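Just so we're clear, the structure is a prediction, and the values are computed from it rather than from any experiment. First the proteins, then the strands, lettered A, B, ... as listed; each starts at 1.
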There are 2 protein chains.
Amino acid sequence: MSNNFCSVCLLKSKAVKNLQNSELDLLGESCVQAIFEPGETIFKQGALSSNIIYLQTGLVKLTIKGPHRVQIMRLKKAPSYLGVPTTMGDKINHYSAVAVERSSACFIDINTFKELLKVNPAFSYEIMLELCRNELEQYQRCVKLVQNQVYGRLATNLLIFSEEIYNSNEYDLPLNRNDLADLVCTSRETVSRLLADLTQEEIIEVNGKHIRILDTERLQTISEKG
Amino acid sequence: MSNNFCSVCLLKSKAVKNLQNSELDLLGESCVQAIFEPGETIFKQGALSSNIIYLQTGLVKLTIKGPHRVQIMRLKKAPSYLGVPTTMGDKINHYSAVAVERSSACFIDINTFKELLKVNPAFSYEIMLELCRNELEQYQRCVKLVQNQVYGRLATNLLIFSEEIYNSNEYDLPLNRNDLADLVCTSRETVSRLLADLTQEEIIEVNGKHIRILDTERLQTISEKG
DNA sequence: TGATTTTTGTGATTTATATCACATTTTTAG
DNA sequence: CTAAAAATGTGATATAAATCACAAAAATCA
């Protein structure tokens, strides 16, 4: 499952597109690709990390153990880098990454990664931009989480699936009600009840894991107002 | 209030210590220093930003408008960079920075900053590390905010003042009860009540804005358990 | 110094949502 | 195909904390 051909990879990140051929060869030498099935852990909170992960395809959840329960901090869709803050920092994963859909990921040795940051400012700049985007998104997400009530948070996440992940107003949820509750930061029972409410209001249609959004506008209002 | 002498500045950031003399001169040319009194805004959410801010001394709050109220995302103590994610990204501030104590800040032109990132990998690396630290801290903060109840969150913040900001178990709060509520994400009334509770339990002593922590251990337990 | 504004404290009431308990449905495994 | 396990739905109850209302204290100002 090793892959020494980053130069011919069709799923290069925006950052990697800035690399020279010699740099791509360097990357290829210390880059291993792996496939993860839904539910499989890519890396685990508390474990040591010496790799940066480039998620080529798929969808993962980033989970973090809170004082009372596990929380899904966010979903990350490919293409994206995972574990940069951890691996550049104190090397101990501060959160876990678990595949939610079948995913393909490249493990890049941290020393190679650092070398590339050093020799190629354009590469480095792109990585930095991704970190910046993450920080701002995280602030937004946190404020909504704290200030909106559950109804609004659920609406927000249903919209994220529709607009950011599946680009369709109809999709199959890749999570069960328990995971959905962890994502929305509430209880499984409340998710059930509120999905029923949204159905009753004819804002969505639910059939097991299949969701169809009937009234995007009203869902957006709920998402914003709380 | 201009300052062209970054080379002789005694409050250089860890990142800036990596700069060569010529690079320091470049920095000095596009760097302006300013003093902010408590309550004064350093930059404002929604406004355009073309500067990176290096907080030399002082303490600021980063606030963000939520769907229902203003939230204090975090306090930032000098030395620290502010506005990197914003200014590197879409240029519109996603949050405001307001001085909480008398603060001194250097405004660095974004183009100069980018130039330095490009020519000096060690500088760039330090900035990247700060972004990484921010991201991890932010995850932690968010989880606690969502999962702990108010009592625990208040305890956490009282400990942050003691351990991270003032390095003393006795200090004057730089915020009024309203701001403290915004920081803890609750209402002013609840802050009052819970401070009274902590006093009654002889865990802290409160005298207006003056706080003395009597039982750090118990406060820590409350901070962790909820 | 006294008057006005701001900040803070505290009781009463309301409410969103967690928790508990159990029934029903769906999925998995033998 | 049947049995066991897991996931889901729904009612009843409990509770943390918001909100409202107002009094008291502190800070600011003229």
Side-chain angles (χ1 to χ4, degrees), chain A residues 37-39 61 66-72 100 143-158 172-201 204-211 222-223 225-226, chain B residues 37-39 61 66-72 100 143-158 172-201 204-211 222-223 225-226:
Chain A
E37 300 298 331
K61 57 179 178 182
H68 291 96
R69 47 171 76 256
V70 167
Q71 182 169 332
I72 299 181
V100 158
V143 171
K144 281 215 158 188
L145 215 45
V146 171
Q147 293 193 26
N148 269 1
Q149 40 199 69
V150 186
Y151 205 49
R153 302 206 299 263
L154 180 61
T156 303
N157 280 285
L158 292 177
D172 284 310
L173 275 174
L175 307 173
N176 62 25
R177 300 295 140 104
N178 237 315
D179 278 353
L180 191 52
D182 289 342
L183 181 65
V184 175
C185 297
T186 183
S187 66
R188 180 185 60 76
E189 294 93 325
T190 299
V191 165
S192 273
R193 273 185 263 266
L194 295 188
L195 283 176
D197 289 357
L198 286 169
T199 304
Q200 177 123 50
E201 292 277 328
I204 62 172
E205 216 174 84
V206 182
N207 199 323
K209 292 203 162 60
H210 191 82
I211 304 283
I222 295 168
S223 160
K225 296 282 164 63
Chain B
E37 299 298 331
K61 57 179 178 183
H68 293 96
R69 47 172 74 255
V70 168
Q71 183 170 332
I72 300 181
V100 158
V143 170
K144 280 215 161 188
L145 214 45
V146 171
Q147 293 192 25
N148 269 1
Q149 40 199 70
V150 184
Y151 204 49
R153 302 206 299 263
L154 180 61
T156 303
N157 280 285
L158 291 178
D172 284 311
L173 275 174
L175 307 172
N176 62 25
R177 300 297 141 108
N178 236 316
D179 277 351
L180 190 53
D182 289 341
L183 181 65
V184 175
C185 296
T186 184
S187 66
R188 180 185 61 74
E189 294 93 326
T190 299
V191 166
S192 272
R193 271 185 265 266
L194 296 188
L195 283 177
D197 290 356
L198 286 170
T199 305
Q200 177 122 48
E201 294 276 327
I204 62 172
E205 216 174 85
V206 181
N207 200 323
K209 291 202 163 58
H210 190 82
I211 304 284
I222 294 169
S223 160
K225 295 284 164 66

(Q) If I take atom CD in residue B:Gln147 and atom P in nucleotide C:dT17, what distance separates them, rounded to the nearest angstrom? (A) 16 Å

Q. Roughly how far, to the nearest 0.5 Å, is the CZ atom of B:Arg177 from the CG atom of B:Leu175?
A. 10.0 Å

Which atom pairs link the protein and nucleotides 23-29 of chain D when you take only N or O atoms and keep those under 3.5 Å?
none

**Q.** Bending between helix ends of the helix from C:dT1-D:dA30 to C:dG30-D:dC1 [5 pairs per end, 10° resolution]
**A.** 50°

**Q.** Those residues that, when tested against B:Glu37, pass side-chain hydrogen bond (donor to acceptor under 3.5 Å, both in side chains) (two or more places apart)
**A.** B:Arg102

Q) Which heavy atom in A:Gly66 sits nearest to a heavy atom in B:Val143, and how many Å separate them? A) CA-CG1, 3.4 Å

Q: Check the distance between C:dA18's P and A:Gln71's CD and give it to me in whole angstrom.
A: 12 Å

Please list every donor-acceptor pair under 3.5 Å in which a side-chain atom of residues 186-194 of chain A meets a protein atom from a residue at least two apart or in another chain.
residue	atom	partner	partner atom	Å
A:Ser187	OG	A:Thr190	N	3.3
A:Ser187	OG	A:Thr190	OG1	3.0

**Q.** Between C:dT5 (P) and B:Asn176 (CG): distance, integer Å
**A.** 19 Å

Q | Rounded distance in Å - CG (A:Leu180) to P (D:dG9) | A | 10 Å

Q: Could I get the full list of salt bridge (charged side-chain N to carboxylate O under 4.0 Å, His left out) partners for A:Lys61, not counting sequence neighbours?
A: A:Asp179

Indicate every side-chain donor-acceptor pair of residues 145-156 of chain A with a distance under 3.5 Å to a residue at least two apart or in another chain.
residue	atom	partner	partner atom	Å
A:Gln147	OE1	B:His68	N	3.0
A:Gln147	OE1	B:Arg69	N	2.9
A:Gln147	NE2	B:Arg69	O	3.1
A:Gln147	NE2	B:Gln71	OE1	2.9
A:Asn148	ND2	A:Ser223	O	2.9
A:Arg153	NE	A:Val184	O	2.7
A:Arg153	NH1	A:Leu145	O	3.3
A:Arg153	NH1	A:Asn148	O	3.1
A:Arg153	NH2	A:Val184	O	3.2
A:Arg153	NH2	A:Cys185	O	2.6
A:Thr156	OG1	A:Gly152	O	2.8
A:Thr156	OG1	A:Ser223	OG	3.0

What N/O pairs connect the protein and nucleotides 20-27 of chain C at under 3.5 Å? Give each pair on its own line.
residue	atom	partner	partner atom	Å
C:dC20	N4	A:Glu189	OE2	3.3

**Q.** Between P of C:dA18 and CZ of A:Arg69, the distance in whole Å
**A.** 7 Å

Q | For B:Lys225, side chain to side chain contact (heavy atoms under 4.5 Å, CB included) partners two or more places apart | A | B:Thr221

Q | Distance below 4.0 Å between A:Thr190 side-chain N/O and C:dA18 OP1 or OP2 | A | yes

Q | N/O (side chain, B:Thr186) to phosphate O (OP1/OP2, D:dA17) under 4.0 Å | A | no

Q. B:Asp172: what forms a side-chain hydrogen bond (donor to acceptor under 3.5 Å, both in side chains) with it, not counting sequence neighbours?
A. B:His210

Q. Side-chain N or O of A:Ser192 less than 4.0 angstrom from OP1 or OP2 on D:dT10?
A. no

**Q.** Separation of D:dA7 C1' from A:Leu173 CG (nearest whole Å)
**A.** 14 Å

Q: Go through residues 148-158 of chain B and report each residue with a non-hydrogen atom lying under 4.0 Å from DNA chain D, sorted by number.
A: B:Gln149, B:Val150

(Q) Could you tell me how far apart A:His210 (NE2) and D:dT8 (P) are, to the nearest whole angstrom? (A) 16 Å

Q | Nearest-angstrom distance from the residue atom NZ of B:Lys209 to P of C:dG9 | A | 10 Å

Q) Going from CG on B:Leu198 to CD1 on B:Ile211, what distance comes out if it is rounded to the nearest 0.5 angstrom? A) 9.0 Å

(Q) Quick check for you: to the nearest 0.5 Å, what is the distance between A:Leu173 atom CG and A:Leu195 atom CG? (A) 7.5 Å

